[in-house]
Amino acid sequence: MINSMQKGLEALEKALYCWEDALTAFSSTLSNDALALPSNADAAFTQDVQDLLDMGYQIQNHAELLFIDQHSVLFRDDSQESLESRHQSNMGMRISGKEKADAASSPESFESARDGVADLREFEEFSELFPHFERQKLYHAALKQHEDKGIPCRRLHTELVKCGSDVEYLAKVYCLRQAYTKLFDIQSTSIWIADIGRQIISDLIIYADRDPKDYLTHYERMLEFLNNPSNSNMIEEELFNRGVKCINFYDVLIDFILLDAFEEVEKPPSSIKAILQNRWISASFRETAVGTAVWSMLMGKRQMLKYDKGFLAHFYSISEQVTPVLVWGFLGPEGSLRSTCQFFRDQIIEFLIDIFNFFKVRYTTVDNLAEDILREMKVRVENINQRLSLEGASQI
């Protein structure tokens, strides 16, 4: 039975890789023909393949929880556990929604998972059944780090990235931090990532019929600020006071900026919600009012800053240009901007799910993990660029 399950997972993984290659090849064919606009059929086919991939990823993640998660019933002693106790044990490894929110708001949130740390001896039998898992040496070292010293983390996103337990999430975060440090040690990769941040967000602003000039100006100022070594202590102080445990691409850009932004958009302040729900005024007036409300909110935050030219000040300057677009895109009227913003968010979340997935990236060495992360980043960037180009063409 175990062999059949493993073969099924491997076959699904191969199928997903083949479909990804097919989508990339088809997208490249469209982009190579610069004189021709993609047809509606081409756009529909691209979306259908992407939907197929999304369903495949969901099946893959669910299968991993059933068959290879360390708390799967396959690795329990049936003679010692009743069905009820199994259910309680499985559920116990995941913090409830309220408990997770409480843990996330505490500076000591990383301590909440220490009681559930896995005994490394539990993986001996697991490794024999799944040699693929045994090769994840970097991950095993992270588990040892967690067991010995703990792994600090601002928030737990265990369920979001589809990890089987908080321990698994923390161990993988520890590995990802090392991999991102490796990537930014490579100058060409560091420049590419900076260019992508500049290009994708400015394209999104243009797509929303706004001028990206001010965004680009503040983005360049942020890069200059980050590249100045004399600002390191100021950056650490500001971010540590906000609960960021490690000055790293994952902890700062992904966890602190992007994931918090997505959550805030889902639950906007009452002032912005009131504007969005007021149907007595025109859409254009509501959009302008949302921008004004965001600016006022950020101005209030600026007045609380210790450093008026620090990291957070630069971040708020960028937010003034980007946040109104995202708020209006996610919460404004139905249309292409909303679907494109949702696609952008989905691509970020799916990227995170992929880099936390043993079958998508290798937790074997820092170099291997860094290489795989970069590959997955490029896939998602291509998907977003393709979406923006197709949507832009359909509006002409």
Side-chain angles (χ1 to χ4, degrees), residues 57 60-61 64 68-70 100 103-104 109-110 112-114 117-118 132-133 135-186 189-190 192-194 196-197 226 235-236 239-240 242-262 345 347-381:
Y57 297 141
Q60 184 183 51
N61 289 323
E64 289 171 11
I68 69 171
D69 183 74
Q70 60 175 304
K100 185 164 289 187
S109 62
F110 68 94
S112 64
R114 295 204 63 167
V117 66
H132 171 81
F133 182 80
R135 295 193 295 269
Q136 314 300 316
K137 303 298 184 182
L138 185 63
Y139 176 73
H140 291 302
L143 287 176
K144 188 66 166 62
Q145 169 71 20
H146 184 280
E147 188 175 26
D148 292 343
K149 300 180 180 180
I151 298 173
C153 185
R154 187 181 73 102
R155 299 188 62 185
L156 295 168
H157 297 291
T158 306
E159 293 182 358
L160 177 70
V161 300
K162 301 187 185 304
C163 283
S165 67
D166 294 333
V167 173
E168 179 185 345
Y169 174 77
L170 290 171
K172 287 182 175 178
V173 165
Y174 185 76
C175 299
L176 291 171
R177 287 169 176 166
Q178 298 176 67
Y180 271 114
T181 298
K182 178 69 177 182
L183 287 175
F184 278 89
D185 285 340
I186 304 172
T189 302
S190 178
W192 179 81
I193 293 175
I196 289 304
L226 293 175
I235 294 171
E236 289 184 5
L239 290 175
F240 285 168
R242 295 301 181 94
V244 178
K245 303 299 181 181
C246 179
I247 307 303
N248 183 273
F249 184 85
Y250 178 84
D251 293 81
V252 178
L253 181 70
I254 295 178
D255 177 47
F256 178 68
I257 294 179
L258 284 178
L259 294 183
D260 276 12
F262 291 154
R345 176 180 57 189
Q347 288 297 303
I348 300 297
I349 300 303
E350 288 168 11
F351 164 72
L352 292 177
I353 292 172
D354 284 349
I355 65 174
F356 276 87
N357 187 331
F358 285 123
F359 287 90
K360 296 292 289 186
V361 300
R362 294 167 293 174
Y363 282 83
T364 49
T365 66
V366 173
D367 288 345
N368 286 342
L369 182 57
E371 178 185 337
D372 292 350
I373 288 174
L374 183 59
R375 182 196 67 231
E376 296 300 324
M377 286 181 70
K378 291 181 176 179
V379 169
R380 297 302 171 178
V381 167

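Given the structure is predicted, the values throughout are model-derived calculations rather than measurements. Each residue takes its place number in the sequence, starting with 1.
For Asp260 and Arg154, the salt-bridge test passes: some basic side-chain N is under 4.0 Å from an acidic carboxylate O. By the 4.0 Å N-to-carboxylate-O rule, Asp367 lies close enough to Lys182 to be salt-bridged with it. Remark: Arg177 engages Asp251 in a salt bridge, criterion side-chain N to carboxylate O under 4.0 Å.
Scanning for salt bridge (charged side-chain N to carboxylate O under 4.0 Å, His left out) contacts around Glu371 gives Arg362, with sequence neighbours left out. Shown here are the ring-ring contact (aromatic ring centres under 6.0 Å, His included) partners of Tyr169, two or more places apart in sequence or in another chain: Phe356. With sequence neighbours excluded, the residues that form a side-chain contact (heavy atoms from CB on, under 4.5 Å) with Phe240 are Glu236, Ile247.
Under the 4.5 Å side-chain criterion, counting only non-hydrogen atoms from C-beta, Met377 is in contact with Ile193. Looking only at side-chain heavy atoms (C-beta outward), Asn248 and Leu176 stay at 4.5 Å or farther from each other. Side chains of Glu168 and Tyr139 form a contact here, defined as non-hydrogen atoms less than 4.5 Å apart. Residues Ile348 and Phe262 are in side-chain contact: their nearest non-hydrogen atoms beyond the backbone lie under 4.5 Å apart. At a threshold of 4.5 Å between non-hydrogen side-chain atoms, the residues Ile349 and Leu259 count as touching. Counting heavy atoms from C-beta on, the side chains of Arg380 and Asp354 come closer than 4.5 Å. Within the 4.5 Å cutoff, side-chain heavy atoms of Gln347 are placed close to those of Glu350. Counting heavy atoms from C-beta on, the side chains of Thr364 and Gln136 come closer than 4.5 Å.
Between Asp255 and the options Arg155, His157, Lys245, a side chain to side chain donor-acceptor pair (under 3.5 Å) holds for only His157. Looking at Val252, Asp185, Ile254 one by one, the single match for side-chain contact (heavy atoms from CB on, under 4.5 Å) with Tyr180 turns out to be Ile254.
Figure legend: Lys360 and Phe351 shown without cation-pi pairing, the cationic atom not lying both under 6.0 angstrom from the six-membered ring centre and within 45 degrees of its axis.
Nearest approach of Cys175 to Leu369, heavy atoms of both residues: O-CD2, 3.6 Å.
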